[in-house]
Amino acid sequence: MDSLLNTDRPPVFCPGCAHERVLHALDQALIGMGLTGRQVVIVTDIGCSGLFDTFFNTHAFHGLHGRALTYATGIKMARPELTVIVTMGDGGLGIGGAHVLSTCRRNIDLTLLVLNNFNYGMTGGQCSSTTPRDAEVGSGFLNRLEKPMDICQVAGTAGAAMVSRVSTYDEGLVRHLQEAIAYDGFSLVDIWGICPGRYARQNRLTPRRIADSIAELPDLSSFKTLNDRMEYGRAYRQEAVLQDAPPDPVRIEPVFKAPWKGRREVVVLGGAGQRIVTAGELLCLAGAAAGCYATQKNDYPVTVMRGHSVSEVILSETEIEYAGIENPAVVIALAAEGVGRRKGMFGRLSPESMVIRALGVALPPCGATVVDIDFKSKQIKSPDWALASLAVLARENRILTMAMLKKTLELRYSEGVLEAALTVVEKTNISRHFNIS
């Protein structure tokens with residue numbers, strides 16, 4: 001094969017666009033290295049450089065602006081035998097800067113070709129992260145306020161070893177591309193070229209000026225020595241095989257019959273340290289032990305010391321397609337923090353719903369049956385209130401049975417913790433100590 005270019009989709013760049021020269025140089029580089037289309041993946045960004053994947057008969061992936069390196073990383077990790085090449089303009093380079101830095105640090109075996117024409121050529125010629133400060137561009141004075149980024153210096157500082165800069169018009173462009181592709185690790189080629197449709201209309205830029213400008217910049221070869229190390233994917237697999245294999249997940253056999261039919265929804269509302277998420281997990285395990293499907297959805301604490309305050313659980317005899325909860329069968333209200341996060345839910349509760357409330361917790365008006373429990377009088381500490389509430393439900397055969405709860409505790413806890421949990425369950429034999437309002 002003498003070309004990997006797609007004859008059914010010829011290039012559509014503006015006349016004189018530097019990208020077309022890079023396109024043909026890349027084709028020559030791949031053919032010269034003996035690579036076939038099945039061995040190569042072209043991953044592209046948005047913009048003019050994002051058209052590359054359609055012009056080659058190779059594997060291809062086209063994604064969001066600035067995100068091409070994330071997709072390429074996943075492809076290379078999953079299929080390390082493939083040669084993965086990313087094309088990105090200076091626009092995508094700025095938008096995806098964090099991904100560029102992460103890829104440099106990892107040293108994963110990808111080749112990033114930065115097609116650098118100093119502007120957003122496709123969308124109006126606005127300034128990009130590499131636009132010179134003295135250039136005239138479509139975004140007015142904005143480029144005069146920012147220092148242009150030298151992506152080679154940034155990449156080398158971030159950990160990339162194979163960093164090079166070349167003019168689109170350099171006779172050695174094919175060789176530069178081959179050296180970058182052949183490198184066993186992350187390689188970046190900053191390819192300077194002319195955008196005749198936008199940038200060159202207002203800025204005098206010629207191949208000679210590009211060559212002279214590149215010649216004035218610092219040498220990049222020291223990065224190869226400074227940052228040389230094992231390729232990320234190979235290093236990852238080498239370390240991974242040394243790790244202990246994770247245990248197989250616990251298989252829960254359905255040995256009980258659920259004390260209800262259809263779907264039941266439970267919301268646990270509490271505060272930091274009350275083991276709200278654990279209570280939700282115990283409910284899910286209990287449901288699984290009865291052969292039910294289960295989902296659990298928790299809130300996200302903004303700070304570490306606050307802790308989770310909401311856990312929403314659905315148990316169903318049939319598959320759960322929607323995990324939203326509107327009118328739960330049971331609400332466990334243990335602290336003002338959780339109640340405040342779901343206060344709008346209480347007005348929708350039906351008379352068939354039950355609210356188990358820790359004595360003293362204020363509730364919004366609701367039509368549900370409210371069961372007040374004085375945990376403190378039974379010497380049950382706040383971290384155990386959620387578990388104690390599950391035990392109250394189990395004694396009422398509501399949502400779960402006592403046998404389901406005890407089996408769940410055996411699945412979840414080791415011997416010492418299990419004994420303490422069972423002690424809490426025994427303390428909840430307090431049906432005559434709660435009030436229904």
Side-chain angles (χ1 to χ4, degrees), residues 1-13 17-45 48-63 67-89 92 100 103-104 106-116 155 160-191 193 224 228 230-237:
M1 182 179 291
D2 58 359
S3 176
L4 293 178
L5 291 178
N6 181 5
T7 56
D8 295 327
R9 183 71 189 275
V12 291
F13 298 115
C17 177
H19 290 4
E20 187 160 350
R21 297 178 68 94
V22 177
L23 181 82
H24 290 286
L26 178 58
D27 182 45
Q28 294 175 41
L30 295 173
I31 293 300
M33 298 174 73
L35 293 168
T36 68
R38 291 183 177 276
Q39 296 173 296
V40 177
V41 187
I42 305 288
V43 182
T44 58
D45 203 77
C48 300
S49 66
L51 300 171
F52 266 52
D53 62 293
T54 65
F55 299 145
F56 281 92
N57 282 317
T58 65
H59 302 295
F61 194 107
H62 180 76
R67 310 296 177 234
L69 283 168
T70 62
Y71 313 128
T73 297
I75 292 169
K76 187 64 181 182
M77 290 297 289
R79 295 289 300 276
E81 76 280 5
L82 294 175
T83 297
V84 184
I85 298 166
V86 180
T87 63
M88 179 182 292
V100 175
T103 312
C104 293
R106 291 192 186 103
N107 192 41
I108 192 164
D109 189 17
L110 306 172
T111 299
L112 172 60
L113 307 182
V114 180
L115 279 62
N116 188 355
M162 183 64 177
V163 181
S164 63
R165 182 183 286 113
V166 64
S167 169
T168 302
Y169 314 97
D170 191 312
E171 292 182 358
L173 177 59
V174 172
R175 175 179 52 81
H176 270 84
L177 297 180
Q178 289 178 333
E179 289 177 355
I181 295 168
Y183 181 72
D184 186 23
F186 179 64
S187 58
L188 182 150
V189 186
D190 183 21
I191 308 174
K224 194 167 185 179
D228 184 52
M230 186 182 295
E231 190 272 331
Y232 181 85
R234 206 147 39 84
Y236 183 96
R237 289 184 288 274

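Residue numbers count from 1 along this sequence.
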Any side-chain heavy atom of Y183 within less than 4.5 Å of one from T111?
no
Of all the heavy-atom pairs spanning G63 and Y71, show the shortest one and how long it is.
CA-CE1, 3.3 Å
At their closest point, which heavy atom of L23 faces which heavy atom of F56, and how far apart are they?
CD1-CE1, 3.2 Å
V174 versus Q178: any side-chain heavy-atom pair under 4.5 Å?
yes
Side-chain heavy-atom pair D109, D184 within 4.5 angstrom cut-off:
yes
Donor-acceptor check, side chain of N107 to backbone of M230, threshold 3.5 angstrom: yes or no?
yes
Excluding sequence neighbours, so at least two apart, what forms ring pair (Phe, Tyr, Trp, His ring centres under 6.0 Å) with Y169?
none
Which residue pairs satisfy the side-chain hydrogen bond (donor to acceptor under 3.5 Å, both in side chains) criterion with at least one member in residues 20-31, sequence neighbours excluded?
S3-D27
Side-chain heavy atoms of E231 within contact of I108, under 4.5 Å
yes
Between atom SG of C104 and atom CG of L188, what is the distance when rounded to the nearest 0.5 Å?
6.5 Å
Using a 4.5 Å cut-off on heavy atoms from C-beta on, say whether the side chain of D45 contacts that of F52.
no
For R38, does its backbone N or O pair with a side-chain atom of H59 as donor and acceptor, under 3.5 Å?
yes
Answer yes or no: is there a side-chain heavy-atom contact under 4.5 Å between L30 and V40?
yes
Taking the side chain as every heavy atom from C-beta outward, state whether T58 and T83 have any atom pair closer than 4.5 Å.
no
With the side chain counted from C-beta on, respond yes when T44 and L51 share a heavy-atom pair under 4.5 Å apart, and no when they do not.
no
Can you measure from CZ (R165) to CG (D170) and round to the nearest 0.5 angstrom?
13.0 Å
So with a 6.0 Å cut-off around CZ of R237, is the heavy-atom count from everything else above 12?
yes
Is a side-chain N or O of K76 found less than 3.5 angstrom from the main chain of L82, in a donor-acceptor match?
yes
